[in-house]
Amino acid sequence: MSTLIFMLFLLLGLRVTETATETWRQCTGSLPLDLLSFVLERDPSKLVPGVHMKQAGGVRGIHFSSPDTALSFPSSQILVNCDLFPKEFSIVLTLKVTDGAPKGNEYVFSLMGPKGRPVDQNKEENDGGSSLKSNKESSITGEEQHSQKTRVKSDGEHGRLILGLKFSGKRLHFLYKGHRGVVEHWVFRGTQLADSQWHTLVLAIGSHHVKLTVDCSSPVEIIPSRPFPSDLNIQGSRFHIGSRGLWKGLFSGLLRQLVLVPGSDATHQICPSSDPQLAALSVPPLFLDLPATGAEDDRHVNTYETEARVSVGLEKSCSEQLKGQLWFNPLKKGLYLCDGTVWITVLEDRKRLDYVLEHQVLTTSSETHDIELFQVPGMGLMAAMAHRSTSGSAVYLWTKKGFQLYQNISTNGALAWRHFSMGNKIYLVVSNSGGDRRFNKESQADFSVIYKWSKRRKRFVQFQTLQTHCARDWEAFNIDGHTYLAVANHRQGDKNHTIDSVIYRWNKLSKSFEVHQMLQTSGAYDWEFFTVGPYYFLVVANAFDGVTTSLDSVIYVWVNGNFQVFQKIKTFCATDWEMFQIDSRVFLVVANGHRLHGNGPSQYTINSTIYELDMSAQLFVRFQDIVTYSAVDWEFFSLGQEYFLVVANSFNGESYSLNSILYRWQGYEGFVPVHWLPTIGCSDWEFFSAKGESYLIYSSAKAPLSKVFMLKTY
């Protein structure tokens, strides 16, 4: 009987474990995660403690001098909203290992779990069991398992290892925690990496195969005796760059690139390459700011001087001996001329984005589709958030502690807010998508609402109700002294997407908004109003016509009191337009959501496109394509003389936990990625400034939270 009871408890225990395991979330996605930039960009005004930037063969990398805590970070900061390491992934690295190859174990990186019970050091250093064999036996083999036990480390450091990549005796080793916690050990021999040359490696791990590509040469493919585990728990773990968190194990070479690509073989992303030894997927901008000099010897960059009498460094004194010499400060991006006594500014220092710091995690009552920021005289900065819940949305007030709840407003499936003013009066209009069926169950209409700020009550009060059809967006604008509102009607009922969107005009006599013009749209998602010289433009993002997302979005121009078609642009589930200007150049960027036609599969990895206004042709022409993942919003902003775009990546076909990316304007290069911001179902980005500081806030359509990031500048 006792045996039967024991078996029953055992079965129940197994069932509970299985149920719990099913709730664990697998890390998915295919966006490159730049581990090296993640630690180096925390404070670009100075190098991370424990590293030095060095140059070899005209190419820059970092050298590790100590395993500083700044080179470590929780895995949850970059592998967001998941518990299990990706079961398929790639590691891309560019490094230089000297001829005197390390005899001990030097870690390029490691992923360490929380401290626990110590285990035999033998389990890591001498393979837990798995061996690799292929048709290139001389190149890659399994390490023999030794029977002799070594002493137990008192801190349990080896027992904490979840995953790591290291060098030992001219060999590359990949380690991970396998079955029953035993560290599996794959050894790559004969790769000829310890030759004092730069090399780029792609290690691609699949469910049943492993592929190593060195300098874009023919890959070596192997089939391990045991596949990489699909249940590798990373809860509470930390990445350590250049070590395993201890002095013993510090990488002695130079490291230029270290990128983790979940769910994808990254080989095809960098190969073929015109320079395969330096093939780049994501190299920290710190290594790219200055041109390579072609110096053959290792040199510290911060003491390097060019033959053209231009010195580069962080600190430089001006003296009579240096008269006439130029000095370039790579952090301030300033060029200075020595007059024999002091440095004279040749190029003015400007305010620049340094790094992005999480400032506030705002818990909301529901998922949020949109944020609208605005100022109310006497109150300050406010944020209206469009909550998915039918129970209502909220207005927040900016305080010293961040955004604090100020007012709840009754809404019904709110999708967007827009503020506007007429005279000294302030208004908010909300896009409701949940039709009110209380009075008419057959009704397919929604009712969007305009609210007016009451100075006496210091609250927004209902002002006017307008019938809409699953309204996705409102746009407010003024033309010739008149105020207009444009609503993006998305669909009528469940299937009719090709319907009229409406432009309303304020009637001073009736003190209400009345219909001014109807424009046919297809699954309209967004309106964007802008001016160029004396001309007024309005562009609609058409998303879906019931069959396909491949549609023409339309730019309208104001002519004789109405909007007329100016230009049509092919888009793919367009969800947002953002207009911006850089100097005299005018741009429009579209957020493309996904490709879909009929019953075919959706494609969420898709180009979003920046268009530039060609004044001579009087058309917007394609300027730059940027790969996005079901993008739903763009936000443009400037800091000093620098210009930025941030995209809301929402879904990649598998996961809503993605990096939204911040791009910086680089002139003829267009916009280049500079920061990767972890987001969950990102639905909107907004930029704002308060008391001299600059911030970004994003909303999530998949989690009841919003986050505020502070933009640190120097």
Side-chain angles (χ1 to χ4, degrees), residues 33-57 59-75 77-78 91-112 124-125 155 157-158 160-175 193-201 203 237-260 278 280 282-288 297-304 314 330:
L33 304 176
D34 189 342
L35 304 183
L36 200 51
S37 289
F38 196 78
V39 294
L40 293 180
E41 288 192 7
R42 291 180 180 180
D43 186 357
S45 64
K46 59 183 178 181
L47 280 175
V48 174
V51 303
H52 299 284
M53 187 161 61
K54 299 185 71 175
Q55 186 165 289
V59 179
R60 293 177 176 176
I62 57 170
H63 172 71
F64 300 92
S65 59
S66 65
D68 196 273
T69 54
L71 293 167
S72 169
F73 59 90
S75 63
Q77 290 185 1
I78 202 164
I91 300 170
V92 180
L93 63 153
T94 300
L95 43 70
K96 175 180 173 291
V97 182
T98 58
D99 289 325
K103 295 181 180 179
N105 300 295
E106 296 188 356
Y107 283 77
V108 177
F109 83 97
S110 60
L111 181 61
M112 307 294 289
E124 177 190 347
E125 302 298 332
D155 63 357
E157 201 64 37
H158 290 87
R160 295 173 53 212
L161 186 111
I162 295 176
L163 183 145
L165 192 66
K166 71 176 185 179
F167 274 91
S168 179
K170 297 186 178 181
R171 300 170 188 167
L172 181 68
H173 304 243
F174 179 74
L175 307 95
L193 297 174
D195 57 1
S196 297
Q197 299 294 319
W198 288 102
H199 294 287
T200 294
L201 289 69
L203 179 62
S237 63
R238 295 183 68 87
F239 279 103
H240 295 267
I241 309 302
S243 73
R244 56 180 175 85
L246 299 174
W247 276 94
K248 184 178 179 181
L250 195 66
F251 181 59
S252 63
L254 296 183
L255 186 60
R256 177 175 173 82
Q257 178 177 220
L258 180 60
V259 185
L260 171 65
L278 295 170
S282 183
V283 175
L286 184 67
F287 300 155
L288 304 174
D297 299 326
D298 289 359
R299 309 179 78 159
H300 288 280
V301 174
N302 58 358
T303 60
Y304 180 76
L314 306 183

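Only this structure's heavy atoms are used, side chains among them; waters, hydrogens and symmetry mates stay out. This is a predicted model, so every value here is computed, not measured. Along the sequence shown, residues carry numbers from 1.
Here the closest non-hydrogen pair linking Ile241 and Phe64 is O-CE2, 3.6 Å. When all heavy atoms of Gln257 and Ser282 are compared, the pair lying nearest together is OE1-N, 2.9 Å. Residues Ser110 and Leu161 approach most closely at CB-CD1, 4.3 Å, considering heavy atoms. The two residues Phe167 and His173 make their nearest non-hydrogen contact at C-CD2, 4.3 Å. In this structure, Gly245 and Pro67 approach most closely via the heavy-atom pair C-CB, 4.1 Å. Minimum heavy-atom separation, Pro49 to Asp68: O-CB, 3.1 Å.
Put simply, NE2 on His240 and OG1 on Thr69 are 10.0 Å apart, with the number rounded to the nearest 0.5 Å. In this structure, Leu175 CG and Asn105 CG are separated by 8.0 Å, a value rounded to the nearest 0.5 Å. Rounding to the nearest 0.5 Å places NZ of Lys96 at 9.5 Å from OG of Ser252. The distance from atom CG of Leu93 to atom CG of Leu36, rounded to the nearest 0.5 Å, is 10.5 Å. To the nearest 0.5 Å, atom CD1 of residue Ile162 and atom CE of residue Met112 are 8.5 Å apart. In this structure, the separation between CD1 on Ile78 and CZ on Phe73 is 4.5 Å, given to the nearest 0.5 Å.
With sequence neighbours excluded, the residues that form a side chain to side chain donor-acceptor pair (under 3.5 Å) with Asp195 are His199. Every residue meeting the side chain to side chain contact (heavy atoms under 4.5 Å, CB included) condition with Ser75, not counting sequence neighbours, appears here in chain and number order: Leu111, Ile234, Ser237, Phe239. Among residues two or more places apart in sequence or in another chain, the side chain to side chain donor-acceptor pair (under 3.5 Å) test is passed with Thr200 by Thr94. Taking Ser65 as the reference, His52 meet the side chain to side chain contact (heavy atoms under 4.5 Å, CB included) condition, with sequence neighbours excluded.
Put simply, the side chain of Arg60 never gets that close to the backbone of Arg256: no donor and acceptor are under 3.5 Å apart.
Residues Leu203 and Leu172 have side chains not in contact (no heavy-atom distance under 4.5 Å, counting atoms from C-beta outward). A 4.5 Å side-chain heavy-atom check between Phe109 and Leu260 finds every atom pair outside the cut-off.
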### Stepwise side-chain contact (heavy atoms from CB on, under 4.5 Å) check, Ile91 with Val108
CA-CA 11 Å; Ile91 300 170; Val108 177; over 6 Å; no
